[in-house]
Chemist: 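Dumping the structure here so I can ask a few things about it.
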Amino acid sequence: MTFQTESETPPDRFEQQSLGAPTEPGAERVERLLAGLNPPQRQAVVHSEGALLVIAGAGSGKTRVLTHRIAYLLATGAARPGEILAITFTNKAAAEMRERVGDLIGRSVRAMWVTTFHSACARMLRVDAERLGYSRGFTIYDQSDSLRMLKRCLRELGVDPKRYPARAIHSKISGAKNQLIDSDTYAEMQGSVFEEVVAEAFPLYEKRMLEANAMDFDDLLVRTVNALELFEDVREHWRRTFRHVLVDEYQDTNHAQYRLLQLLASEHGNLMVVGDEDQSIYSFRHADIRNILSFEEDFPDAAVVKLEQNYRSTQTILSAANAVVERNRERRPKALWTDIEGGEKVQLSELEDDHQEARWVAAEIERLGEEHGVGRSDVAVFYRTNAMSRILEDTLVRFELPYQVIGGTKFYDRAEVKDAVAYLNLLFNPADQVSFARIVNSPRRGIGNTTQGRLATYANTAGLTIWEVIERAEEVPGLSGAAIKSVSRFFETVDLLKARLDAGSSVADLLQAVLSETGYLEALENERTIEAEGRVENLEALVEAAIEFDVNREREGESEVPPLEEFLQQISLLSDQDSIEDKQELVTLMTVHNAKGLEYDTVFVVGCEDGSFPHMRALEEGGEEEERRLCYVAITRARQRLYMTWARERRLFGRAERNLPSRFIDELPVELTERHSSVSSTLGGMTWNPTPSAGAAPVDPGPALELQTGDDVVHASFGDGVVTGVEPGGVVVVRFSGDGSERKLMADYAPIRKR
């Protein structure tokens with residue numbers, strides 16, 4: 001795969017407007033450049049020689065400082081374009097920085113390196129790779145390429161891929177590389193059986209990659225550091241080339257990136273880093289907060305500039321963020337402030353359960369639009385983990401509020417969810433070849449594309465369903481003995497699950513059996529990665545959806561539609577929302593991690609419970625301070641309005657878990673907040689007022705609907721209907737036009753809305 005490098009910026013039409021015409025006196029051009037900067041920003045831009053640390057609080061204009069610093073170096077003759085290396089983390093961020101620099105300096109931007117760490121290293125290694133035993137034409141492997149190579153190594157070593165998945169081993173090797181731990185050192189550090197397997201695979205993987213003249217993304221960093229450390233002439237060449245090195249998001253650097261910058265800048269010392277330890281939230285990607293905290297130790301003469309003026313949020317929001325993050329010990333004192341005085345108080349809302357929480361958020365989004373003209377695209381909802389989006393997504397669909405998921409996939413479009421649903425589809429419809437093809441080898445069970453092709457061909461030729469074919473796999477021409485055995489085992493597993501279905505198993509029990517007996521959950525757990533843990537959480541959320549379906553179905557009474565058919569139909573309707581998104585404003589959903597760098601007029605942070613946010617795993621691993629930084633990031637995304645909600649009860653696998661509000665809620669100053677609860681309760685010595693403030697949507701929506709005979713309604717699964725009766729206890733009788741059925745529904749729980 002070709003490595004993506006930075007593209008050139010076209011000639012800039014603003015060149016004459018930005019720094020002035022080339023004939024303009026130098027002093028006037030510089031003053032034009034500095035105009036509009038506040039005093040700390042100006043101090044950072046005009047810094048002379050030597051190291052510079054810019055502590056840039058959220059919304060304080062850090063990119064403006066970086067780009068103006070580059071333009072200032074050129075305008076004053078302190079550097080030529082080719083002597084500047086400006087680094088950030090993503091190709092998108094690099095492209096944006098290059099464009100903004102181009103707006104200031106014009107065509108000169110073409111001669112400088114405004115790029116990412118990996119792109120810069122790739123370019124440097126094209127020059128120096130031969131010193132390390134590679135040719136200059138080395139190949140760069142992406143994630144799938146490097147996994148494929150590692151799997152070959154594991155087969156060579158005879159490693160059981162089910163007990164020790166390649167993805168888990170690759171994650172460990174990647175982590176070691178990012179810390180500049182080589183295979184020999186790793187072998188000395190290993191302690192568990194799994195780590196022994198990693199220690200055996202690591203050197204072989206390195207050897208085979210070198211033989212293939214290939215590097216993975218981690219190698220780009222490691223090999224560049226190797227070349228700089230081992231060869232003095234290489235080190236001197238790049239030090240002379242880059243007389244000024246500038247780095248954005250320095251708090252996100254890992255040890256390999258830290259060492260690279262140290263080697264490039266330790267002699268001339270012209271290293272400018274911009275970052276904020278309060279926004280260091282990527283330790284799971286091996287980011288090391290110590291890099292920014294110890295900068296002055298590495299460069300004793302470094303100047304430090306703090307950017308504390310925020311240009312995004314109201315003072316109320318900033319004061320709330322300051323109050324939370326100042327409890328951390330691993331930070332420098334800093335307090336964000338703004339000229340935007342006052343602002344609406346932070347709305348803190350306690351709801352009975354996660355369904356009421358989602359309904360309340362949806363209702364408040366509607367109210368803000370109707371009463372204050374807040375567009376849906378100006379609203380974002382954050383959650384700590386992807387799995388928490390399921391109930392929220394379902395509710396937004398029922399409220400007909402179109403949404404998008406940023407940095408992720410909609411719940412029912414996630415691969416693991418689609419896999420689980422495909423198993424259910426195959427149980428319900430054994431002729432479903434699409435579902436069969438999706439899950440026959442997921443998790444891997446030795447039924448590859450060739451075998452699948454022969455099974456499908458035989459089914460088409462013989463006029464049989466795919467289910468009938470796998471039942472008699474030995475009759476399929478061209479299948480090897482091993483393939484027949486694998487297919488037969490798969491048939492036996494699914495046949496036992498089908499027997500559960502035929503015996504009247506509930507949908508939730510059936511789904512749990514699918515995930516367990518097919519080995520799907522076990523395969524994810526064996527991966528031992530953060531990503532796999534997230535997939536498991538998504539499957540837990542899907543099981544919870546099935547449990548809710550079973551409970552609601554039992555409440556609503558008998559139905560002519562079989563349970564599994566009804567559940568699959570409901571999922572299909574919920575996930576079919578994509579077709580209505582064109583040209584509509586969308587509410588944005590995302591995890592807090594994906595929110596970094598973004599901003600919205602109105603922000604909802606849901607699931608603010610101890611154990612959810614902060615996450616229990618992080619607390620167990622001593623990561624409370626990073627979770628608090630994550631909360632700080634969430635708060636500072638809001639410009640005008642901030643809501644934080646939690647549910648007293650959240651369900652997992654059918655069990656109701658009682659929750660306490662997040663410790664971060666308690667850290668917010670009372671005078672900055674308005675607190676509401678759906679029920680009166682006493683928490684932390686304070687009686688919470690169940691009455692919402694003026695203008696806010698009620699926290700407890702009360703009954704889901706007030707219906708009477710003759711009302712037209714719409715149900716998320718059954719479509720249009722009319723109320724034919726109202727009974728005591730909130731029960732309504734609805735006749736649905738689609739199938740003519742008449743159903744009794746609990747108005748408080750059923751997914752229905754009045755038309």
Chemist: Evaluate the side-chain proximity of Phe613 to Thr385: yes if any heavy-atom separation is below 4.5 Å, no if none is.
Modeler: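 Answer no - side chains too far apart.
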Chemist: Does Asp394 reach the side chain of Tyr412, with side-chain heavy atoms less than 4.5 Å apart?
Modeler: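 Counting from C-beta outward, Asp394 and Tyr412 do come under 4.5 Å.
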Chemist: For Thr338 versus Thr314, what's the shortest heavy-atom pair and its separation?
Modeler: CG2-C, 3.9 Å
Chemist: With rounding to the nearest 0.5 Å, note down the distance linking CE in Met388 to OG1 in Thr591.
Modeler: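 So the gap between those two atoms works out to 11.5 Å.
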Chemist: Checking salt bridge (charged side-chain N to carboxylate O under 4.0 Å, His left out) between Asp278 and each of Lys334, Arg327, Arg629, which is the one that passes?
Modeler: Lys334
Chemist: What I want to find out is whether Arg639 reaches Glu599 closely enough, with some N-O distance under 4.0 Å, to be called a salt bridge.
Modeler: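 Salt bridge: yes.
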Chemist: If every non-hydrogen atom of Leu401 is compared with every non-hydrogen atom of Ala362, which pair is closest and at what distance?
Modeler: CD1-O, 3.7 Å
Chemist: Determine yes or no for a side-chain-to-main-chain donor-acceptor pair under 3.5 angstrom, with Asp354 supplying the side chain and Arg650 the backbone.
Modeler: no
Chemist: Any donor-acceptor pair under 3.5 Å linking the side chain of Ser313 with the backbone of Ala638?
Modeler: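 It does hold such a pair.
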Chemist: Keeping the roles fixed (side chain from Ser174, backbone from His170), state whether a donor-acceptor pair exists under 3.5 Å.
Modeler: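 No, the answer is negative, given that no donor and acceptor are paired below the 3.5 Å cut-off.
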Chemist: Who are the side chain to side chain donor-acceptor pair (under 3.5 Å) partners of Ser612, not counting sequence neighbours?
Modeler: Glu609
Chemist: When you measure from the side chain of Thr224 to the backbone N and O of Leu220, does any donor-acceptor pair fall under 3.5 Å?
Modeler: yes
Chemist: Closer than 3.5 angstrom, by distance alone: can the side chain of Asp142 be matched with the main-chain N or O of Ser144 as a donor-acceptor pair?
Modeler: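 Yes; at least one donor-acceptor contact below 3.5 Å.
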Chemist: Could you check whether Lys410 makes a cation-pi contact with Tyr403, meaning its NZ or CZ is under 6.0 Å from the centre of the six-membered ring and within 45° of the ring axis?
Modeler: yes
Chemist: Mind running side-chain contact (heavy atoms from CB on, under 4.5 Å) on Asn538 and Phe411 for me, showing each step along the way?
Modeler: CA-CA 8 Å; Asn538 288 333; Phe411 183 81; 4.2 Å; yes
Chemist: Cut-off 3.5 Å, side chains only: do Glu627 and His615 have a donor facing an acceptor?
Modeler: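 Per modelled atom types, Glu627 and His615 side chains form no pair under 3.5 Å.
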Chemist: Taking side chain to side chain donor-acceptor pair (under 3.5 Å) as the test, write out the residues that go with Thr253, two or more places apart.
Modeler: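 Result, side chain to side chain donor-acceptor pair (under 3.5 Å) vs Thr253: Asn291.
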Chemist: If you count heavy atoms of other groups shown closer than 6.0 angstrom to CZ of Arg290, is the number above 12?
Modeler: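 Open.
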Chemist: Treating Asn328 as the side-chain partner and Glu625 as the backbone partner, does any N or O pair qualify as donor plus acceptor under 3.5 Å?
Modeler: yes
Chemist: Just wondering, do Val54 and Gln41 contact through their side chains at under 4.5 Å, heavy atoms?
Modeler: no
Chemist: Could you state the interatomic distance from CG (Leu336) to NZ (Lys306), rounded to the nearest 0.5 Å?
Modeler: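 Answer for the CG-NZ pair, Leu336 versus Lys306, is 11.5 Å.
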Chemist: Out of Glu352, Arg648, Glu350, which one pairs with Ser677 under the side chain to side chain donor-acceptor pair (under 3.5 Å) rule?
Modeler: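 Among the candidates, only Glu350 passes.
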Chemist: So, Glu326 and Arg331, do they make that salt bridge, N to O below 4.0 Å?
Modeler: no
Chemist: Checking Glu344 now: which residues fulfil side chain to side chain contact (heavy atoms under 4.5 Å, CB included) with it, not counting sequence neighbours?
Modeler: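 If we apply the side chain to side chain contact (heavy atoms under 4.5 Å, CB included) test to Glu344, skipping adjacent residues, the hits are Arg641.
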Chemist: In plain terms, say whether Arg100 and Glu96 are close enough for a salt bridge, that is, a side-chain N and a carboxylate O under 4.0 Å apart.
Modeler: no
Chemist: Take Phe664 and Cys608 through the test side-chain contact (heavy atoms from CB on, under 4.5 Å) and record every step on the way to the result.
Modeler: CA-CA 8 Å; Phe664 305 146; Cys608 296; over 6 Å; no
Chemist: Salt bridge between Glu544 and Arg390, side-chain N to carboxylate O under 4.0 Å?
Modeler: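 Looking at Arg390 together with Glu544, the answer is no, because their closest N to O distance does not fall below 4.0 Å.
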Chemist: What pairs with Glu522 under side chain to side chain contact (heavy atoms under 4.5 Å, CB included), at least two apart in sequence or on another chain?
Modeler: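 Here the qualifying residues are Asn526.
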Chemist: Can a salt bridge be assigned to the pair Asp145 and Arg148 using a cut-off of 4.0 Å between side-chain N and carboxylate O?
Modeler: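 Here Asp145 pairs with Arg148 in a salt bridge, since their nearest N and O are under 4.0 Å apart.
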Chemist: Side-chain contact, heavy-atom cut-off 4.5 Å: Gln640 with Asp378?
Modeler: no
Chemist: What is the distance from atom CD of Gln356 to atom CD1 of Ile391, rounded to the nearest 0.5 Å?
Modeler: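 Reported to 0.5 Å precision, the distance equals 12.0 Å.
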Chemist: Start with the C-alpha distance between Ile365 and Phe399, add both sets of side-chain angles, then the distance that settles side-chain contact (heavy atoms from CB on, under 4.5 Å), and finish with yes or no.
Modeler: CA-CA 10 Å; Ile365 292 172; Phe399 271 71; over 6 Å; no
Chemist: Within the structure provided, determine whether Leu524 and Glu527 are in side-chain contact (heavy-atom separation under 4.5 Å).
Modeler: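 A side-chain contact exists here, since the closest heavy-atom pair is under 4.5 Å.
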Chemist: If every non-hydrogen atom of Arg312 is compared with every non-hydrogen atom of Ala58, which pair is closest and at what distance?
Modeler: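 Nearest heavy atoms, Arg312 then Ala58: NH1-CB, 4.1 Å.
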Chemist: Please evaluate residues Ser146 and Phe217 with respect to the criterion side-chain contact (heavy atoms from CB on, under 4.5 Å), reporting the C-alpha separation (whole Å), side-chain torsions for both, the decisive distance (0.1 Å), and the verdict.
Modeler: CA-CA 9 Å; Ser146 53; Phe217 285 168; over 6 Å; no
Chemist: Rounded to the nearest 0.5 Å, what's the gap from CG on Leu180 to CG on Asp218? Could you check?
Modeler: 10.5 Å
Chemist: Please determine whether a side-chain nitrogen of the Lys or Arg among Glu531 and Arg167 lies less than 4.0 Å from a carboxylate oxygen of the Asp or Glu.
Modeler: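 Salt bridge flag = no for Arg167 with Glu531.
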Chemist: Residues two or more places apart in sequence or in another chain: which of them pass side chain to side chain contact (heavy atoms under 4.5 Å, CB included) with Ala595?
Modeler: Phe382, Met590, Arg637
Chemist: Do Cys121 and Met215 touch side chain to side chain, with heavy atoms closer than 4.5 Å?
Modeler: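 Cys121 vs Met215: side chains apart.
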Chemist: Would you confirm whether Asp219, through its side chain, and Asp216, through its main-chain N or O, come within 3.5 Å as a donor-acceptor pair?
Modeler: yes
Chemist: Determine whether a donor-acceptor pair (N or O, by modelled atom type, separation under 3.5 Å) exists between the side chain of Thr673 and the backbone of Arg675.
Modeler: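 Checking the backbone N and O of Arg675 against the side chain of Thr673, no donor-acceptor pair under 3.5 Å is found.
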Chemist: Please examine the side chains of Leu293 and Arg332, heavy atoms only from C-beta on, and report whether any two atoms are closer than 4.5 Å.
Modeler: yes
Chemist: Please check if the side chain of Arg414 supplies one atom and the backbone of Asn386 the other of a donor-acceptor pair under 3.5 Å.
Modeler: yes
Chemist: Donor-acceptor pair, distance only, cut-off 3.5 Å: does the side chain of His593 make one with the backbone of Ile281?
Modeler: yes
Chemist: Between Tyr643 and Phe604, what is the ring plane arrangement, given parallel below 30°, perpendicular above 60°, and tilted in between?
Modeler: parallel
Chemist: Of the non-hydrogen atoms in Leu348 and Leu668, which two are nearest, and what is the gap between them?
Modeler: CD2-CD1, 3.8 Å
Chemist: Under a plain distance cut-off of 3.5 Å, with no hydrogens placed, do Gln404 and Thr588 share a side-chain donor-acceptor pair?
Modeler: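 Distance-only check passes for Thr588 and Gln404.
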Chemist: Please tell me whether Tyr520 and Asp419 have a donor and an acceptor in their side chains that are separated by less than 3.5 angstrom.
Modeler: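 Asp419 and Tyr520 do have a side-chain donor-acceptor pair below 3.5 Å.
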Chemist: Roughly how far apart are Lys172 NZ and Thr529 OG1, rounded to 0.5 Å?
Modeler: 11.0 Å
Chemist: Is it true that Gln279 and Glu277 share a donor-acceptor pair across their side chains at a distance under 3.5 Å?
Modeler: no
Chemist: Which residues pass the side chain to side chain contact (heavy atoms under 4.5 Å, CB included) test with Ala321, not counting sequence neighbours?
Modeler: Tyr632, Ile635, Thr636
Chemist: Within this structure, what is the CG-CD distance for the pair Leu221 and Gln257, rounded to the nearest 0.5 Å?
Modeler: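 Interatomic distance, Leu221 CG to Gln257 CD, rounded to 0.5 Å: 5.5 Å.
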Chemist: Is the closest side-chain heavy-atom distance between Arg359 and Leu351 below 4.5 Å?
Modeler: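 Side-chain contact under 4.5 Å: no.
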Chemist: Taking the basic N atoms (NZ, or NE/NH1/NH2) and the acidic carboxylate oxygens, is any pair closer than 4.0 Å for Arg367 and Glu364?
Modeler: yes
Chemist: Taking Glu537 first and then Arg384, would you say they form a salt bridge - that is, a charged N and a carboxylate O separated by under 4.0 Å?
Modeler: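 Here Glu537 does not pair with Arg384 in a salt bridge, since their nearest N and O are not under 4.0 Å apart.
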